[in-house]
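Source: prediction; values computed, not measured.
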Amino acid sequence: MTGAPDRRSPLAQHGRAPRSRPLTRLLLAMGVVAAVLIVSIGGVGAFALWNAADLISASSVQIGDEDELPPPTIGEIEGDVTMLLVGTDSCEGPNAALSGACQAGDTDGERNDVTMLVRISDSPRRVTVVSIPRDMMVSLPECTGPDGRTYPAESSAMLNTSYANGGLSCTVDTVEELTGTQIQYAAAIRWTGVINLSDAVGGVDVCVAGDISDSYTGLNLTAGTHTLQGAEALQFLRIRHGIGDGSDLGRISNQQQFMSSLVRKLQSQSVLGNPATLLNFASTAMQQVSNGQLILSSGLANPTRMVQIAMALRSVPFSDIVFVQYPTYYSNSSASRVLPVTDAAEALFAALAENKALILTGEASQGSAVEVTGEAAPLPTPTPTSTDGAAAETPAPGASAGAAGPDAVELPSEIAGTTAAQVTCTQPQR
């Protein structure tokens with residue numbers, strides 16, 4: 001794809017994040033307490049305490065010219081946000097017990113099994129999550145690994161090779177080159193971190209259209225709705241055998257169902273309106289950084305910045321939160337490898353660059369793993385009063401208003417996906 005950004009400074013970009021020191025951990029705890037105060041009462045004194053936690057940057061990864069970002073301030077973040085979220089398959093520490101491949105010694109290193117590019121636009125706020133298949137063949141830039149070894153650029157390699165070569169910053173460089181999008185923030189989480197964070201939010205509701213059983217992950221679910229947390233939540237995110245067409249593309253749709261349900265829960269009063277739950281979630285997230293299960297880029301390793309980004313998400317309508325799969329087709333040379341549909345991808349990223357509302361015209365899943373079964377109810381929102389005393393009309397965060405309009409763009413049918421306004425259900429493998 002043309003229009004890729006210039007390569008940025010590689011300064012300290014490929015090293016593993018060091019463990020945080022006791023003082024840093026104390027500052028993290030101070031930051032968590034202050035976060036609750038900011039969200040609950042907006043105290044200026046609390047912000048000063050929170051700002052001290054900026055020293056957690058010692059545990060972060062440099063991915064580019066992040067030092068040029070403006071200092072954080074109270075309130076919703078200004079402008080666009082482009083962030084890369086990566087889930088890895090590490091066999092280190094407690095993660096090994098969660099994988100049969102790890103226990104059998106069938107895997108080496110650490111790969112980005114999940115790669116999601118998150119775009120939060122400026123006014124009007126819209127959120128698009130682009131899932132990029134791990135098995136997609138892409139070009140890789142030259143990267144230096146944590147061991148100091150330099151990996152040469154490759155014209156064609158699986159996407160998940162990027163993290164194995166050079167860690168989080170190498171995956172950032174790869175996705176930037178693929179999409180022509182400059183990434184501001186990035187985070188990588190391991191399996192144990194996913195388990196702990198799902199526990200912290202009290203689980204996520206998912207729908208299964210029929211009984212599913214997967215001996216690879218050990219997940220067995222009966223037809224119906226389930227609230228998943230802990231190891232079961234991780235298994236649901238990893239499962240591909242037993243659902244849809246049994247492919248990684250089907251697994252992506254399953255992950256999008258999980259994330260869509262999570263978004264609806266986070267926007268509800270059960271999380272954002274509950275200081276105790278918020279404190280538990282923030283504390284758990286910081287603990288994952290301390291334990292090495294969550295790695296953040298230096299720009300994101302600032303608790304104040306996290307709050308700013310979260311505030312930008314709190315009132316986006318469900319219909320303007322879109323989950324799509326990077327368009328692909330199966331390679332003739334390998335049934336397990338996919339290739340990018342470049343024209344369709346260019347249409348998607350052009351619409352995102354221009355902050356256009358997206359209209360989905362393709363299937364819900366490239367891997368036949370989910371089907372749309374209904375529409376999520378919009379969240380109740382207090383109706384503000386205008387200056388003349390009349391009730392003003394304000395769409396609720398789940399309302400369908402805003403999804404269409406004169407600026408809306410119909411995406412090519414090769415792009416599969418759903419919105420957070422659509423309730424989906426996982427389909428057993430046929």
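Here salt bridge (charged side-chain N to carboxylate O under 4.0 Å, His left out) pairs that include residues 420-430, with residues two or more places apart or in two chains, are Glu371-Arg430. The list of side-chain hydrogen bond (donor to acceptor under 3.5 Å, both in side chains) pairs with a residue in residues 348-358, not counting sequence neighbours, reads Ser121-Asn355, Arg126-Asn355.
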Using the side-chain contact (heavy atoms from CB on, under 4.5 Å) rule, take Leu140 and Tyr151 through it: C-alpha gap first, then chi angles, then the decisive distance, then the call. CA-CA 9 Å; Leu140 297 182; Tyr151 294 82; over 6 Å; no

Test side-chain contact (heavy atoms from CB on, under 4.5 Å) on Ile309 and Leu300; report intermediate values, then the result. CA-CA 10 Å; Ile309 295 173; Leu300 193 59; 3.9 Å; yes

Test Arg119 against Val81 for side-chain contact (heavy atoms from CB on, under 4.5 Å), laying out the working first. CA-CA 6 Å; Arg119 169 75 172 178; Val81 173; over 6 Å; no

Applying side-chain contact (heavy atoms from CB on, under 4.5 Å) to Gln267 and Phe318, what does each step give before you reach the verdict? CA-CA 9 Å; Gln267 279 198 357; Phe318 290 159; 3.1 Å; yes

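Considering every non-hydrogen atom in both Pro327 and Ala345, the closest pair reads CG-N, 3.7 Å. Taking every heavy atom of both residues into account, Ala187 and Leu296 meet most closely at CB-CD2, 3.7 Å. Minimum heavy-atom separation, Thr361 to Pro412: OG1-C, 3.6 Å. The heavy-atom pair separating Cys207 from Thr424 by the smallest distance is CB-O, 3.6 Å. Taking each heavy atom of Phe349 and Leu117 in turn, the nearest pair found is CE2-CD2, 3.7 Å. Heavy atoms only, all atoms of each residue included: Ala223 and Ala209 are closest at CB-O, 3.8 Å.
Annotation: side chain of Glu176 is in contact with side chain of Gln182 (closest heavy-atom distance under 4.5 Å). A 4.5 Å side-chain heavy-atom check between Thr174 and Pro141 finds at least one atom pair inside the cut-off. Contact of the Pro428 side chain with the Asp211 side chain is not registered, since no non-hydrogen atoms from C-beta on lie closer than 4.5 Å. Put simply, the side chain of Ile239 does not reach to within 4.5 Å of the side chain of Tyr216, judged on heavy atoms. Two residues are said to be in side-chain contact when any heavy atoms from C-beta on lie closer than 4.5 Å; Tyr326 and Val175 fail this criterion. Annotation: side chain of Val370 is not in contact with side chain of Gln256 (no heavy-atom distance under 4.5 Å). By the 4.5 Å heavy-atom criterion applied to side chains, Met158 and Met137 are counted as neighbours. Counting heavy atoms from C-beta on, the side chains of Arg251 and Ser253 never come closer than 4.5 Å.
For the 3.5 Å distance criterion, the side chains of Gln288 and Asn196 qualify, holding a donor opposite an acceptor. Judged purely by distance below 3.5 Å, without hydrogens or angles, the side chains of Gln422 and Ser260 never pair a donor atom with an acceptor atom. Judged purely by distance below 3.5 Å, without hydrogens or angles, the side chains of Thr88 and Glu110 pair a donor atom with an acceptor atom. No side-chain donor-acceptor contact under 3.5 Å links Glu142 and Thr150. Between Ser131 and Gln255, the side chains place no donor N or O within less than 3.5 Å of an acceptor N or O (distance only, hydrogens not considered).
Salt bridge absent: Arg240 and Asp248 never bring a charged side-chain N and a carboxylate O closer than 4.0 Å.
Ser261 pairs by the side chain to side chain contact (heavy atoms under 4.5 Å, CB included) definition with Val204, Asp205, Arg264, not counting sequence neighbours.
Remark: side-chain polar atoms of Ser162 are not paired, donor with acceptor, to backbone N or O of Cys170 under 3.5 angstrom.
Below 30°, between 30° and 60°, or above 60°: for Phe258 and Phe236 the angle between ring planes is between 30° and 60°, a tilted geometry.
Screening Leu411, Thr419, Asp320 for a side-chain contact (heavy atoms from CB on, under 4.5 Å) with Leu358, the sole residue that qualifies is Leu411.
If you take CD1 on Ile295 and OG on Ser297, they are separated by 11.0 Å, rounding to the nearest 0.5 Å.
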